[in-house]
Every structure is written in structure tokens, then in C-alpha cells.
Amino acid sequence: MRKLMNILLVIFVAALLIAGGVGGYLWYSTKQQADQIVMMAKPFAEISYGGIELSPTGSTGAKKVRVVPYFVNDVITIGAIRLNAPNILALLDIRRQLSQGKIPPALSLSFHDVELALHGGILGPPPSRVQHVSPFDNLDALGCGPIIRFSGAEWQEMGLERFVGNLEIGYRLDTTRNVLELRIDSHTRDWAALNLDVGLAMTASPQSVMDLASFTPRLAQLNFVLRDDGFNALRNNYCAAKAGKTIPDYIAEHVRLVAERLRVNGINLGPGLLEAYRRYLTEGGQLTVVATPPAPIDPTELQFYAAEDVVKLLGLTLQVNQTAVTDLSVNWDAAKVARALGSEPKPEPEVADTPTISQQSAIVRQAYHPTPVGELGRHVGRNARLQTTTGAQYLGRLDTIAEDIIKITIRRSGGTVTLSLRAGDITSAEVVY
């Protein structure tokens, strides 16, 4: 027994020495990194910190951080900035993995007790110079009497004193399912809390940072939760007083103006979504959006589908305070939305296949010919131009056509994408022959 006790004592002392060495290395390494960041930021801001924190649970970082940007009169204080790993050994292995181009299986970065004055240059009144404002900016201030946008001055009038919040951004690689899980958790005191979980499917688990940078993300799942922390009531009281209305009348007018602004600029929300928005403003509580696509989908492809198809392709559900919203009808005009955002895409040049020499001798001239939608099945493999009820136009090669679904492969920057369009949504079709 005495020998066993001696062996256990030796193991315990050795573990303490190893842990102390690991802790010392991580502390020194973190301090080096923090000092480098301070030096790199000198042209833009003055950064100072009060010390280095190291937790045996697997986190390290700097505490009592103070940031003074040179370009604006303001000060940002942060209680702590931490890099978090699943455990201390994983934290110790991060630098080696990154130096070899490998991806740590899980990491997150957290900011605790971020404080910012409402009257400072960042959140304070807007600059006097004219800035570009899109029709989708400042929707939250519609109906608020003479107020056209919210800034620090308006928030102070509502009764808020400072911007105080926490934020954590992280990821986890699930190699068994080939899914990259992204997570954002934030909470701003007296404003709201936000939780966002996104699952991105991959064809194979990435072995390096380069693999991760080159893969095409396909949405496998999404869970978005917004919890009111008192801001809705503050804004309702403030804006109702500014507009000289009762709170219900202000909310009704605000929702009407939001719907009108969106509709004029190409987005038409159905009654169910507008009622859900009204309920969240009135009741506060929690707004939950969940997407469970039947099959993982590239989010960049969604712009090419009709709105009702996007809802189905994403498997969208919406709840306000645990009550499901059954009417998710919505419509949009992609061209109008692009114009409103100032990002209207330039028309792509029509690219016809280059015929071989033997084909050139046989082909006299190719041109677009109007074709009934019901006869497109006879032209699979040929180039076509399809116009839909949303006003969008698709130029590409006709693919398989079955069960009232017409597939067309169009060329995009970096490759091609195959879209599925419903025959009933196609208003005109032209085929090259």
C-alpha cells in the first residue's frame, strides 16, 4: 500500500508540473499574441489590457481591454476577450495545427462585458455629410413621429444609458456527418438576445484550411432565435409619444409603413408574416425561425427561385412565443430588390456553344425561336431563354424535364448551376435552333 501511495504521489506531482508548464507556456504565448495585436493596431487605435487570463477548462485571453479608435471620438471597454477550445490540451494544440495548415476541430472567440457610450462617435448622432441610404435602412424608425433613424440620442431618450453586451462566435467540425456547425450567441442588456446556429454540409471533411476555404457551403440546418430584453416596450412607448398616438395605433401604423416600403421596393410580405411581426412588437418574447431543407442547398441558388419555392426548399418554420405562424406567403421582384440595394447585376453576355468544323458546314444560322412551354421537352440539350412570372430571365442549357419541373443549367462566375423551375411560372420561352 505504501508503494502504491508513493507511486500515486509521484504521478500527482508530475501532473502538477506538467500542468504548470502547459499553463506557463499558454500564458506567455497569449501575452505575445496580445502584444503583437496591440502593435499591429497602432495606426488605427490605441489598445491596452490589464492582464492575461488562463482557465483550465480550455480558454485563454486578455482582460480589462480598452480600445480608443483614432478615427472617432469614442472609447470601447471590454471585460475580457477569450479564445475558447474544448479543453486545455486542445487549446495547447491550436498553434501546431494552424502552423501545419490544419483546422482545429472546435474553436470560439468571446467578448464579455463590452461597453460603449451612446453619445460617442460610434453610436452617437450621424455625421452631417450626406451618406447613401438604401430604402431598406432605418425601417425600425418608420412611424416614430419626426424620427427618421435611431442613434445614441434617441436610445438615451428611451431610457437606455450605455450599450453593454456579450458576444461569442464559434464553430465545430462534425466529421462523422461532414457538417460544419457555426454558432453566434449575443446578448445586449435591455435590448435583445440572439442565438444563431447554422449547419453547413460538405461533400467530405476538410483536412486543411485551404480545403475549408474552397468548399461550397450547402445549408443543412438553421436555427435563429431572437429574444426581446425590454427594447420593444421602450421603443413602443417612445415612438407612440413622438407620433402622438396610442401604442396599438403606433404599432399598426409602423407595420403598415414597413409593409409599404418593402412592397414599393420589390418585397411583398403576406398577412401571416406581417401579423407575426406585429405580435412580436406588441408582446415581446421570442421569435424563432427554423430551416430544415429536405436536402442541403447552396444559399446562393435561392435567388433564382420563386418565393414560395424558397420556403419549401428551406423547410422554413416560424414561431412567435411558441405559436406557429402558418401563413409564410411572401413574394419579391428580384430586379426591384437589386435596384433598391444599388447592386443590380449587369446582364451576362449570351454564350453559344462553339460548333465543330463539320457542324459549321451544316449550320447556316442559329437564333432564338419562341417555343410553347409544353414543347420544351423536345429541346433538351439546347440553349434556351426562359422568362418567369417574377420578371427574372434565365439563359442556359435545357436539362431534364419531368413532372411539370423544367431544369436549366446556367453559367455563373466560377462554374454552372442547375435550377428547377415550375412550368406554371414560365411566361415565355425561346429555344436556339
Side-chain angles (χ1 to χ4, degrees), residues 133-144 147-150 192 194 196 198 219 222-228 231-232 235-236 239-240 243 245 247-293 297 299-344 388-392 421-422 424-425 427:
V133 178
S134 90
F136 301 122
D137 291 338
N138 306 319
L139 291 174
D140 55 343
L142 290 176
C144 194
I147 306 300
I148 59 173
R149 77 184 292 274
F150 292 134
L194 182 150
L196 176 63
V198 180
L219 183 67
L222 179 145
N223 195 327
F224 171 88
V225 179
L226 180 65
R227 298 181 183 89
D228 175 49
F231 180 73
N232 282 0
R235 187 183 72 171
N236 292 344
C239 286
K245 299 176 182 291
I247 290 177
D249 286 345
Y250 152 69
I251 292 176
E253 178 69 1
H254 169 74
V255 173
R256 184 188 68 79
L257 290 173
V258 168
E260 183 179 291
R261 174 77 65 84
L262 293 176
R263 184 171 59 252
V264 169
N265 291 282
I267 300 175
N268 192 7
L269 300 181
L273 294 178
L274 291 175
E275 174 60 16
Y277 180 50
R278 188 199 65 78
R279 283 191 55 206
Y280 176 68
L281 293 180
T282 304
E283 303 171 11
Q286 178 173 305
L287 185 70
T288 305
V289 180
V290 176
T292 52
I297 184 169
T300 61
E301 295 180 11
L302 296 176
Q303 61 182 307
F304 303 114
Y305 290 94
E308 59 268 27
D309 289 336
V310 170
V311 173
K312 295 175 184 176
L313 288 168
L314 290 178
L316 278 179
T317 60
L318 173 64
Q319 288 185 340
V320 179
N321 296 330
Q322 310 306 318
T323 301
V325 179
T326 56
D327 177 14
L328 297 180
S329 59
V330 61
N331 233 312
W332 59 70
D333 184 324
K336 275 189 177 181
V337 174
R339 283 196 297 271
L341 292 172
S343 59
E344 189 171 7
T388 67
T389 54
T390 63
L421 306 176
R422 294 190 303 183
D425 291 334
T427 56

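Using a distance-only test at 3.5 Å, with no hydrogens or angles considered, no donor-acceptor pair links the side chain of Asn138 to the main chain of Arg149. In this structure, Arg261 contributes its side chain and Leu142 its backbone to no donor-acceptor pair below 3.5 Å.
Taking CZ of Arg339 as the reference point, atom CG of Asp333 lies at 6.5 Å (rounded to 0.5 Å). With values rounded to the nearest 0.5 angstrom, Ile251 atom CD1 is found 4.0 Å from Asn236 atom CG. The OG1 atom of Thr427 sits 9.5 Å away from atom CG of Asp425, with the distance rounded to the nearest 0.5 Å. Between the CG atom of Asp140 and the CG atom of Leu281 there is a distance of 10.0 Å, given to the nearest 0.5 Å. To the nearest 0.5 Å, atoms CG (Leu313) and CD1 (Ile297) are separated by 4.5 Å. Here Phe136 contributes atom CZ and Leu341 contributes atom CG; the two are 5.0 Å apart, rounded to the nearest 0.5 Å.
Residues passing the salt bridge (Lys or Arg N to Asp or Glu O under 4.0 Å) test with Arg263, sequence neighbours excluded: none. The side-chain contact (heavy atoms from CB on, under 4.5 Å) test applied to Leu196 returns Ile184, Leu194, Val198, Leu222, Phe224, not counting sequence neighbours. Residues passing the side-chain hydrogen bond (donor to acceptor under 3.5 Å, both in side chains) test with Gln286, sequence neighbours excluded: Arg227, Thr288. The side-chain contact (heavy atoms from CB on, under 4.5 Å) check on Asp228 picks up Phe231, Asn232, Tyr280, with sequence neighbours excluded. Here Ala243 pairs with Lys245 under the side-chain contact (heavy atoms from CB on, under 4.5 Å) rule; sequence neighbours left out. With sequence neighbours left out, the side-chain contact (heavy atoms from CB on, under 4.5 Å) criterion links Thr317 to Val290.
In plain terms, the two heavy atoms of Ala340 and Pro135 that are nearest each other are O-CD, 3.2 Å. Taking both residues in full, the closest heavy atoms of Gly285 and Asn321 are given as CA-OD1, 3.1 Å, listed atom of the first, atom of the second, then distance. In this structure, Ala276 and Val325 approach most closely via the heavy-atom pair CB-CG2, 3.7 Å. Shortest non-hydrogen contact noted between Cys239 and Phe150 is SG-CZ, 3.7 Å.
For the side-chain contact (heavy atoms from CB on, under 4.5 Å) with Leu274, the qualifying choice from Val255, Val258, Leu262 is Val255, the only one to do so.
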**Request:** Using the side chain to side chain contact (heavy atoms under 4.5 Å, CB included) rule, take Leu314 and Leu302 through it: C-alpha gap first, then chi angles, then the decisive distance, then the call.
**Result:** CA-CA 9 Å; Leu314 290 178; Leu302 296 176; 3.9 Å; yes
**Message:** Please evaluate residues Arg279 and Glu275 with respect to the criterion salt bridge (Lys or Arg N to Asp or Glu O under 4.0 Å), reporting the C-alpha separation (whole Å), side-chain torsions for both, the decisive distance (0.1 Å), and the verdict.
**Reply:** CA-CA 6 Å; Arg279 283 191 55 206; Glu275 174 60 16; 5.2 Å; no
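In Leu139, the CG atom is crowded: over 12 heavy atoms of neighbouring residues, nucleotides or ligands sit closer than 6.0 Å.
In this structure, Leu273 and Leu318 have side chains that are in contact, with non-hydrogen atoms separated by less than 4.5 Å.
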